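The structure under discussion appears below in the form of structure tokens.
Residue numbering restarts at 1 for every chain, and letters A, B, ... go by the order of the sequence lines. Because the structure is predicted, anything quoted here is derived from the model rather than measured.
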Protein chains: 4
Amino acid sequence: MTFYEELEPDKPGMLYEKMADHLARRIKRGDLPPDTRLPAERRLAQEYGVSLGTARHATELLRSKGLVITVPCKGTYVAGVGRSSEPSAARSTLLAFRP
Amino acid sequence: MTFYEELEPDKPGMLYEKMADHLARRIKRGDLPPDTRLPAERRLAQEYGVSLGTARHATELLRSKGLVITVPCKGTYVAGVGRSSEPSAARSTLLAFRP
Amino acid sequence: MTFYEELEPDKPGMLYEKMADHLARRIKRGDLPPDTRLPAERRLAQEYGVSLGTARHATELLRSKGLVITVPCKGTYVAGVGRSSEPSAARSTLLAFRP
Amino acid sequence: MTFYEELEPDKPGMLYEKMADHLARRIKRGDLPPDTRLPAERRLAQEYGVSLGTARHATELLRSKGLVITVPCKGTYVAGVGRSSEPSAARSTLLAFRP
DNA sequence: GTGGTCTAGACCACA
DNA sequence: GTGGTCTAGACCACG
């Protein structure tokens, strides 16, 4: 539980939100550079000392903010710096998903 | 690993798909002309720094898109350009395969 | 290995195909009714005494023949009988997968 | 070279024919039962102390006599006892070969 | 020395 | 605990 205390779990506010904020800070600080794969959600849950559901909720939040991109069955990646509407890999991947 | 970095393996997306896209670009660019034999799948796997299974998945994708024709036990060839009734080397070999 | 002997693994022919044929027979015979979920691929691999890759190849074949529908991270289901616009459980789940 | 002397290589007649005859005898004697996979052609060549080409010629002969069935990329099998025009596995395998 | 088949594992997001 | 991706090997017929 390396990051648990940094979440200040006794303070008001949703745990998953504080976790997402913490991750966002690590990303913006450059601690997690672009195109890095985040630890797996199970791993993240362990690192933060929270449940898997909470961890998934946190990454979901980061995804909705465009800070990370998650690829099914591959992993969750820190979003690249450039333009975000890149239609290349992700798009064609999805097509391959439905034959 | 000559092409490894061009695959950007840390970015999101399927490895086999990025590899297929890269090969497709080389074909369309004329870098790999029609009726050329691609490097062997084992060789391709080495060049791209991926496993054999991933390389096979990539050529399978190109085959399904009609960009290459593969002759069992012979090799994989860049598909002819326009007309499909061209009895190129690859094609006639293919016919000889089913007695 | 309940079905291992029915695959006749010593006879000529591809293992994954014999496995797919066996499953297809079970489906057509009504042994596996429409909208039933197949055993998981790992389970299937154990039942048939083959590797996971071979089992996946077999279900892939059934999918390409339209005999089954597979929903990522959910399971593989026996396809509905006649009309294709039936919003069975599997189908609606599938639609929910692409937001 | 276990079988080399049994081929009587100094006598007249083609080596591959004598090798095929020898194998045919082993099959009919029940030494190689139906649906057994023969040793690989390279292995066969070693066992008989002949070149790979000769061994391939021998199995080719057996194939033309219907004594064995060979499946590309799988192996060569002693033909089954029952009806020989079984259209099942072999046929569908070939279809899967040309998508 | 090519493509095709098969094994025996691993890790991942998703439910 | 599901299907999807990926690895690192093996053996085969065929050219």
Side-chain angles (χ1 to χ4, degrees), chain A residues 37-44 52-53 55-56 59-60 63 70-77 93 96-97, chain B residues 9 12-19 37-46 49-60 63 68-77 93 96-97, chain C residues 9 12-17 19 37-45 49-60 63 68-77 93 96-97, chain D residues 37-44 52-53 55-56 59-60 63 70-77 93 96-97:
Chain A
R37 201 178 72 197
L38 291 189
E41 289 173 334
R42 273 172 171 76
R43 187 89 179 75
L44 233 34
L52 179 56
R56 300 209 64 227
T59 58
E60 199 178 323
R63 210 176 306 141
T70 132
V71 181
C73 308
K74 279 301 295 283
T76 297
Y77 299 82
T93 300
F97 231 71
Chain B
M14 305 303 155
L15 244 190
Y16 64 81
E17 200 158 29
K18 288 188 279 193
M19 181 172 168
R37 200 179 75 195
L38 291 190
E41 289 174 335
R42 279 162 181 78
R43 187 90 179 77
L44 279 176
Q46 288 177 343
V50 301
S51 83
L52 177 57
T54 301
R56 302 208 67 227
H57 205 151
T59 58
E60 203 176 319
R63 212 176 304 145
V68 300
I69 294 176
T70 129
V71 183
C73 308
K74 283 280 308 204
T76 298
Y77 300 83
T93 308
F97 195 73
Chain C
M14 305 303 154
L15 246 191
Y16 64 79
E17 200 159 28
M19 181 171 167
R37 199 180 74 194
L38 292 189
E41 290 173 335
R42 279 162 182 79
R43 186 89 179 78
L44 236 32
V50 301
S51 82
L52 177 57
T54 301
R56 300 208 68 226
H57 205 151
T59 58
E60 203 175 321
R63 212 176 304 144
V68 301
I69 294 175
T70 128
V71 182
C73 307
K74 283 281 307 211
T76 297
Y77 299 83
T93 307
F97 195 73
Chain D
R37 200 179 71 196
L38 291 188
E41 289 173 335
R42 272 172 171 77
R43 187 90 179 76
L44 233 33
L52 178 55
R56 300 207 66 224
T59 58
E60 198 178 323
R63 210 176 306 140
T70 132
V71 181
C73 308
K74 278 302 294 283
T76 297
Y77 299 83
T93 299
F97 232 72

* Tell me what Arg43(A) touches on the nucleic acid: a base, only sugar-phosphate, or nothing, going by heavy atoms under 4.0 Å. => nothing
* Structure fact -> Across all chains, not counting sequence neighbours, the side chain to side chain donor-acceptor pair (under 3.5 Å) partners of Glu41(C) are Arg56(C), Thr59(C)
* Rounded to the Å, how far apart are Glu60(B) CD and dG4(E) C1'? -> 11 Å
Please write out each protein N/O paired with an N/O of nucleotides 6-8 of chain F under 3.5 Å, distance rounded to 0.1 Å.
from, atom 1, to, atom 2, distance (Å)
dC6(F), OP1, Lys74(A), NZ, 3.0
dC6(F), OP1, Leu15(B), N, 2.5
dT7(F), OP2, Ser51(B), N, 2.9
dT7(F), OP2, Ser51(B), OG, 3.0
dT7(F), OP2, Thr54(B), OG1, 2.5

* Listed partners of Arg42(C) passing side chain to side chain contact (heavy atoms under 4.5 Å, CB included), at least two apart -> Leu52(C)
* Could you state the atom-to-atom distance from CG of Leu38(D) to P of dA13(F) in whole Å? => 9 Å
* Asked: With sugar-phosphate meaning primed atoms plus P, OP1 and OP2, does Arg37(A) contact a base, only sugar-phosphate, or nothing at under 4.0 Å between heavy atoms?
  -> sugar-phosphate
* Hey, where does DNA chain E pair up into stems, meaning at least three consecutive Watson-Crick or G-U pairs with distances under 3.5 Å? -> E:1-14 with F:1-14
* **By side chain to side chain contact (heavy atoms under 4.5 Å, CB included) - contacts of Thr54(B) (at least two apart)** => Leu15(B), Tyr16(B), Val50(B), Ser51(B)
* To do: Let me know the distance between NZ of Lys18(B) and C1' of dT5(F), rounded to the nearest Å.
  => 12 Å
* Measure from CD on Glu41(C) to P on dC12(E) and round the result to the nearest Å. => 19 Å
* For Arg37(A), check salt bridge (charged side-chain N to carboxylate O under 4.0 Å, His left out) against everything at least two apart and list the hits. => none
* To do: Work out which heavy atom in Gly13(C) is nearest to a heavy atom in Val71(D); give both atom names and the distance.
  => N-CG2, 3.5 Å
* Which of the following nucleotides, dC11(F), dG4(F), dT2(F), is nearest to the side chain of Arg42(B)? -> dC11(F)
* Rounded to whole angstroms, how far apart are OH on Tyr77(C) and P on dT2(F)? -> 11 Å
* Pick the nucleotide of DNA chain F nearest each of Pro39(C) and Thr70(D); which residue has the one closer to the 5' end? -> Pro39(C)
* To do: Give the rounded distance in Å between these two atoms: CZ of Arg56(B) and C1' of dT2(E).
  => 10 Å
* To do: May I ask you to decide if Met14(B)'s main-chain N or O and Lys74(A)'s side chain share a donor-acceptor pair within less than 3.5 Å?
  => no
* Asked: Base, sugar-phosphate, or nothing for Thr76(B), non-hydrogen atoms under 4.0 angstrom?
  -> sugar-phosphate
